[in-house]
Colleague: 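Starting off with a structure, shown below.
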Number of protein chains: 2
Amino acid sequence: MHLTPAMQAFILHWGEMGAKWGVNRSIAQIHALLHIAPEPLDAEDIAETLGLARSNVSTGLKELQGWKLVKASRALGDRRDTFMAIQDMFDLATAVVEGRREREFAPTIAALRAVAEEAKADATPETVKARMQETLETMQMFDDWYRDISRLPRGVQLMMLKLGAKLARFIPKG
Amino acid sequence: MHLTPAMQAFILHWGEMGAKWGVNRSIAQIHALLHIAPEPLDAEDIAETLGLARSNVSTGLKELQGWKLVKASRALGDRRDTFMAIQDMFDLATAVVEGRREREFAPTIAALRAVAEEAKADATPETVKARMQETLETMQMFDDWYRDISRLPRGVQLMMLKLGAKLARFIPKG
DNA sequence: CCGTCATTTCTGCATCTCCTGAAATATCTG
DNA sequence: CAGATATTTCAGGAGATGCAGAAATGACGG
């Protein structure tokens, strides 16, 4: 697939952003390419376009599918897969947040909960135990909030986003 | 400073979490230690406790101060700095989010805006330009939302968090 | 202005991550 | 089942990151 300079720049920036957030740069670039691509691409095409080894693209695509950011499909009577990124930006954001929550945030909360429990048994000072507990509770509060919100219908979520700070007006006092 | 097994475990998990989110593991550990420490620690103490080179602790502390997660202070008539992490968990979360927005999210939006502009001039296909535009607008929407919310008083923010999905009830229809 | 103590910068090395190309495996066709 | 095509796995190497220790810089007291 031919890339115009602007498309190259887009992919580059997307890759940078990924790198800063702990995502492999190449994988982020593959995602960027699929994100702007008007039609599904096959792995070979991606490898050529981005100048990556075919094998890498394979691994990257697998990972992106694991995050549910990319879907594979195969045209009838074709032998190779073609790949497409989630189209809707809101769905994309949801998938990313949900993925990170599930794989990184939730397990950390669970681990810290166990640690806080362990602290009760060993010689950990009271003040430290209290800090751990507070940490845990706040993280849990954020997690609960996210899970609450994520269950709402998309339309309501969008509304809340667009209302932004104005929402505060409708909050019951006290 | 002596670490009980639970404290060690806490620091380890905090470090792991940091690593997954693109933060240097040692730096995350330094932060974890300061986070649970009941009183301010000096750099020497941190280095010993975590088994890091003194120089690395220095760099790490500088970075943590840059993120406004840690404050340095010096007792009157003392020659060495002591360090303390933000105490309130909500303040911590705010500092992290604000830091990332400022350094990583906002610059990316700006870069993508420039790219979208560039795309108008070069041979980028219409569909691709549209995708870029949509991407930009959604990212901007999230950013606007965050900036809106971040300006509200802490009490209101807490209220919104605790209300969670129930907030949807107060959203005006339409 | 010199000595002490603390901090920071810098250099080289160890480790880890990531990528490539080759080999192995899987899938489909005739 | 043999051949063709696509995908995945894997071992090795290149490059990036992170760390320790040495050297340089800075701050303060006398």
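Quick note on labels: first sequence line is chain A, next is B, and so on, each numbered from 1.
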Colleague: With hydrogens left out and only the distance checked, is there a donor-acceptor pair under 3.5 Å joining B:Arg80's side chain and the base of C:dT7?
Modeller: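 There is none.
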
Colleague: Checking B:Thr124 side chain against A:Thr4 main chain: does a donor-acceptor pair fall under 3.5 Å?
Modeller: no

Colleague: Please list, by residue number, the residues of residues 44-57 of chain B whose heavy atoms come closer than 4.0 Å to an atom of DNA chain C; answer none if no residue qualifies.
Modeller: B:Arg54, B:Ser55

Colleague: Is there a donor-acceptor contact under 3.5 Å from the side chain of A:Arg131 to the main chain of B:His35?
Modeller: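 Flag set: sc A:Arg131 to bb B:His35 pair under 3.5 Å.
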
Colleague: Salt bridge between A:Arg154 and A:Asp88, side-chain N to carboxylate O under 4.0 Å?
Modeller: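 A:Asp88 and A:Arg154: salt-bridged.
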
Colleague: Using every non-hydrogen atom in the two residues, find where A:Arg100 and A:Val23 come nearest and quote the distance to one decimal.
Modeller: NH2-CG2, 4.3 Å

Colleague: Could you check B:Arg74 against B:Asn24 and say which one's nearest nucleotide on DNA chain D is further toward the 5' end?
Modeller: B:Asn24

Colleague: Using modelled atom types and a 3.5 Å cut-off, is there a donor and acceptor pairing between side-chain atoms of A:Ser58 and backbone atoms of A:Arg54?
Modeller: no

Colleague: Assess whether atom CZ of A:Arg103 is packed by more than 12 heavy atoms of other residues, nucleotides or ligands within 6.0 Å.
Modeller: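 Enclosed: over 12 neighbouring heavy atoms sit under 6.0 Å from CZ of A:Arg103.
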
Colleague: Is A:Lys129 atom NZ crowded by more than 12 heavy atoms from other residues, nucleotides or ligands, each under 6.0 Å away?
Modeller: yes

Colleague: By the 4.0 Å heavy-atom rule, please label B:Asp42 as base, sugar-phosphate, or nothing.
Modeller: nothing

Colleague: Where does the chain B footprint on DNA chain D start and end, counting 5' to 3' with a 4.0 Å heavy-atom cut-off?
Modeller: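 Using the under 4.0 Å cut-off, the span is D:dG18 to D:dC28.
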
Colleague: Assign each of B:Ala43 and A:Arg25 to its nearest nucleotide of DNA chain C by heavy atoms, then name whichever residue's nucleotide is nearer the 5' end.
Modeller: B:Ala43

Colleague: Both A:Arg79 and A:Ile27 contact DNA chain C. Taking the nearest nucleotide for each, which residue is further toward the 5' end?
Modeller: A:Ile27

Colleague: Is it the case that the side chain of A:Gln157 and the backbone of A:Ile149 share a donor-acceptor pair, with hydrogens and angles ignored and the cut-off at 3.5 Å?
Modeller: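 Yes, the answer is positive, given that a donor and an acceptor are paired below the 3.5 Å cut-off.
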
